[in-house]
Amino acid sequence: MQLLVFIIFYPILWLISILPFRLLYLLSDGIYIILYNVIGYRKKVVRDNIKMALPHLSEKERIEIEKKFYHHLCDMFLEMIKTMTITESEMKKRFVFTNIDLYLDLEKKQKSIAVFMAHYASYEWAISMNNIIHFEGYAIYKKIANRYFDKLVRDIRSKFKATLITNRETIAIIEKNARANHLGIYGFASDQSPQIQKTHYWGTFMGIETPIHTGAEMLAKRFDMNVIFIRTRKIKRGYYEATFELLADNPKEVPNYKISEDFLKRVEQQILEAPEYYLWTHKRWKHKKEILEN
């Protein structure tokens, strides 16, 4: 059954991927109408999240953000498919790193690097950085149930020299690389809600006291990795800029949980600047103690 599903959908995905961007975004506009107005995909989750995170806005302002978000969600979904056939030169033009020298200077310190990033703007296209770095890049992801689509995702990422590792493999692979003195860069998207039974720390995110992921910070401390944040900004449809920001160059000396807190503060800044580009469909605040006053 998995193979049958793959055989049916792969040609459709490939045909979408070869569309010129102008037609790709026309298709995105059509999908938006169906997704938002007809299906109403996760609309209640999105509406509740925006209301909790941005209570200072009027209902009219929040609905406007909601609509812009669904437009962006459709764009991002098709951009992910476009990655199947996009050229390196086209990607370089559309996803620009503004200060790659900051990252390259960290490589000279001969320590592995932990990259913290959020589900914001085009977090998928950040894999293109693997074409301009020297360390081996590892992207941590959740394995796809359909093994054929899982392999497809891995093949797509390998185009940009990224090695995908599942969240269950992460610790073992980092340990193995550390023992072999193999330097790597590990990408962590740590802004989503952890499993409540695995929660070690509660912090404040968008004024809401909620459990936060601390695994990336603990791994950075354990293996003495430099820690950076990628701040992504959407310039216009199909064009993004990413800026590296140093979170810690000696994480073992940083008090526990401060790196995670600093990371979330930077994510908050992104959201407040342009909230429509955050991934509001996830139940980020499904576990919360209380809503704090801003």
field: Test log, rule side chain to side chain contact (heavy atoms under 4.5 Å, CB included), inputs Thr281 and Tyr41
entry: CA-CA 9 Å; Thr281 48; Tyr41 172 70; 3.9 Å; yes

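- Of the inter-residue distances, the one linking Tyr201 atom OH with Thr214 atom OG1 reads 10.0 Å to the nearest 0.5 angstrom.
- Surrounding CD1 of Ile31 are more than 12 heavy atoms belonging to other residues, nucleotides or ligands, all under 6.0 Å away.
- Distance alone, capped at 3.5 Å, is enough to place a donor-acceptor pair between the Asn130 side chain and the Ile127 backbone.
- You'll find the ring centres of Tyr32 and Tyr70 outside the 6.0 Å limit.
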- request: Apply side-chain hydrogen bond (donor to acceptor under 3.5 Å, both in side chains) to His72 and Glu276, showing your working.
  value: CA-CA 7 Å; His72 170 70; Glu276 60 268 30; over 6 Å; no

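- At a threshold of 4.5 Å between side-chain heavy atoms, the hydrophobic network of Ile, Leu, Val, Met, Phe, Trp and Tyr places Ile235 and Phe21 in two separate groups.
- No donor-acceptor pair under 3.5 Å is formed between the side chain of Glu88 and the backbone N or O of Asn131.
- Residue His71 comes nearest to Ser28 through the heavy atom pair O-OG, 4.1 Å, listed as atom of the first residue, atom of the second, then distance.
- Taking both residues in full, the closest heavy atoms of Trp125 and Glu79 are given as NE1-O, 3.3 Å, listed atom of the first, atom of the second, then distance.
- Summarising the geometry of Ala114 relative to Met225, their closest heavy-atom pair is N-CB, 4.1 Å, with the distance given to 0.1 Å.
- The local environment of CD in Glu59 is sparse, with at most 12 non-hydrogen atoms from other residues, nucleotides or ligands closer than 6.0 Å.
- Side chain of Asp150 to backbone of Lys143: no donor-acceptor contact under 3.5 angstrom is found.
- Residues Phe116 and Phe229 place their aromatic rings such that the two centres sit no closer than 6.0 Å.
- Residues Phe244 and Phe97 bring their aromatic ring centres within 6.0 Å.
- The minimum heavy-atom distance linking Ile212 with Gly203 is given by the pair CG2-N, 4.1 Å.
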- request: Start with the C-alpha distance between Asp224 and Lys252, add both sets of side-chain angles, then the distance that settles salt bridge (Lys or Arg N to Asp or Glu O under 4.0 Å), and finish with yes or no.
  value: CA-CA 7 Å; Asp224 192 29; Lys252 291 184 177 181; 5.3 Å; no

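- In this structure a side-chain-to-backbone donor-acceptor pair under 3.5 Å is present from Glu107 to His134.
- Between the CZ atom of Phe69 and the CD atom of Glu64 there is a distance of 14.5 Å, given to the nearest 0.5 Å.
- Side-chain contact between Val115 and Phe188 is absent, with no heavy atoms from C-beta onward closer than 4.5 Å.
- Heavy-atom neighbours of Glu61 CD from other residues, nucleotides or ligands within 6.0 Å: above the threshold of 12.
- Between the side chains of Glu209 and Thr204, not a single donor N or O lies within less than 3.5 Å of an accepting N or O.
- Heavy-atom minimum distance, Leu106 versus Ile113: CB-CD1, 4.0 Å.
- Nearest approach of His213 to Gln192, heavy atoms of both residues: CD2-O, 2.8 Å.
- When the side chains of ILVMFWY residues are joined at heavy-atom separations under 4.5 Å, either directly or via intervening members, Phe160 and Tyr103 end up in a single hydrophobic cluster.
- Side-chain atoms of Trp280 do not come within 3.5 Å of backbone N or O of Ile65 as any donor-acceptor pair.
- Of the candidates Thr232, Asn99, Thr98, Thr98 is the only one forming a side-chain hydrogen bond (donor to acceptor under 3.5 Å, both in side chains) with Thr243.
- Between Lys93 and Glu90, at least one side-chain nitrogen of the basic residue sits less than 4.0 Å from a carboxylate oxygen of the acidic one, meeting the salt-bridge criterion.
- Both tests do not hold together for Lys67 against Tyr36: distance to the six-membered ring centre under 6.0 Å, angle to the ring axis within 45°.
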Side chain to side chain contact (heavy atoms under 4.5 Å, CB included) between Lys234 and Asp75, worked out: CA-CA 12 Å; Lys234 188 170 186 176; Asp75 282 0; 3.8 Å; yes

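- Under a hydrophobic-cluster definition in which Ile, Leu, Val, Met, Phe, Trp and Tyr are linked whenever side-chain heavy atoms come within less than 4.5 Å, directly or via other members, Ile165 and Ile144 are assigned to different clusters.
- Note that OG of Ser112 is 11.5 Å distant from CG of Leu219, once rounded to the nearest 0.5 Å.
- Side-chain atoms of Lys111 come within 3.5 Å of backbone atoms of Asp249 as a donor-acceptor pair (strictly under, hydrogens ignored).
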Evaluation steps, side chain to side chain contact (heavy atoms under 4.5 Å, CB included), between Gln269 and Arg231: CA-CA 10 Å; Gln269 292 172 355; Arg231 182 185 297 274; 2.8 Å; yes

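- Between the Arg94 side chain and the Gly238 main chain, a donor and an acceptor come within less than 3.5 Å of each other.
- The hydrophobic cluster containing Leu279 also contains Phe205, counting ILVMFWY residues as joined when their side-chain heavy atoms lie under 4.5 angstrom apart, directly or transitively.
- Looking only at distances, a side-chain donor or acceptor of Tyr120 sits under 3.5 Å from a matching main-chain atom of Gln270.
- For the pair Ile156 and Met80, the minimum side-chain heavy-atom distance is 4.5 Å or more.
- In this structure, the side chain of Arg62 does not engage the main chain of Arg47 through any donor-acceptor pair within 3.5 Å.
- Side-chain polar atoms of Thr163 and Glu136 form a donor-acceptor pair below 3.5 angstrom.
- If you take CD on Glu66 and NZ on Lys51, they are separated by 12.0 Å, rounding to the nearest 0.5 Å.
- Annotation for Tyr239: atom OH counts as buried by contact number, over 12 foreign heavy atoms lying within 6.0 Å.
- Interatomic distance, Leu78 CG to Leu13 CG, rounded to the nearest 0.5 Å: 10.0 Å.
- One N or O on the side chain of Lys82 and one on the backbone of Leu19 form a donor-acceptor pair closer than 3.5 Å.
- Following chains of ILVMFWY side-chain contacts shorter than 4.5 Å, one can reach Tyr257 starting from Met206, so the two form part of one hydrophobic cluster.
- The number of heavy atoms from other shown groups lying within 6.0 Å of CZ (Phe77) does not exceed 12.
- For the pair Lys151 and Tyr148, the cation-pi test (distance below 6.0 Å, angle within 45°) is failed.
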- request: List the steps and the verdict of side chain to side chain contact (heavy atoms under 4.5 Å, CB included) for Met218 and Asn256.
  value: CA-CA 8 Å; Met218 294 302 107; Asn256 283 345; 4.1 Å; yes

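- From Leu73, atom CG reaches atom NZ of Lys68 across 16.0 Å, with rounding to the nearest 0.5 Å.
- Residues Phe263 and Val227 are not in side-chain contact: their nearest non-hydrogen atoms beyond the backbone lie 4.5 Å or more apart.
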- request: Any chance you could lay out the salt bridge (Lys or Arg N to Asp or Glu O under 4.0 Å) test for Arg266 and Asp262, step after step, and finish with the verdict?
  value: CA-CA 6 Å; Arg266 293 169 196 249; Asp262 287 349; 5.5 Å; no

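- No side-chain donor from either of Asn49 and Tyr278 sits under 3.5 Å from a side-chain acceptor of the other.
- Inter-residue side-chain proximity for Tyr123 and Met76 is flagged as met; some heavy-atom pair is nearer than 4.5 Å.
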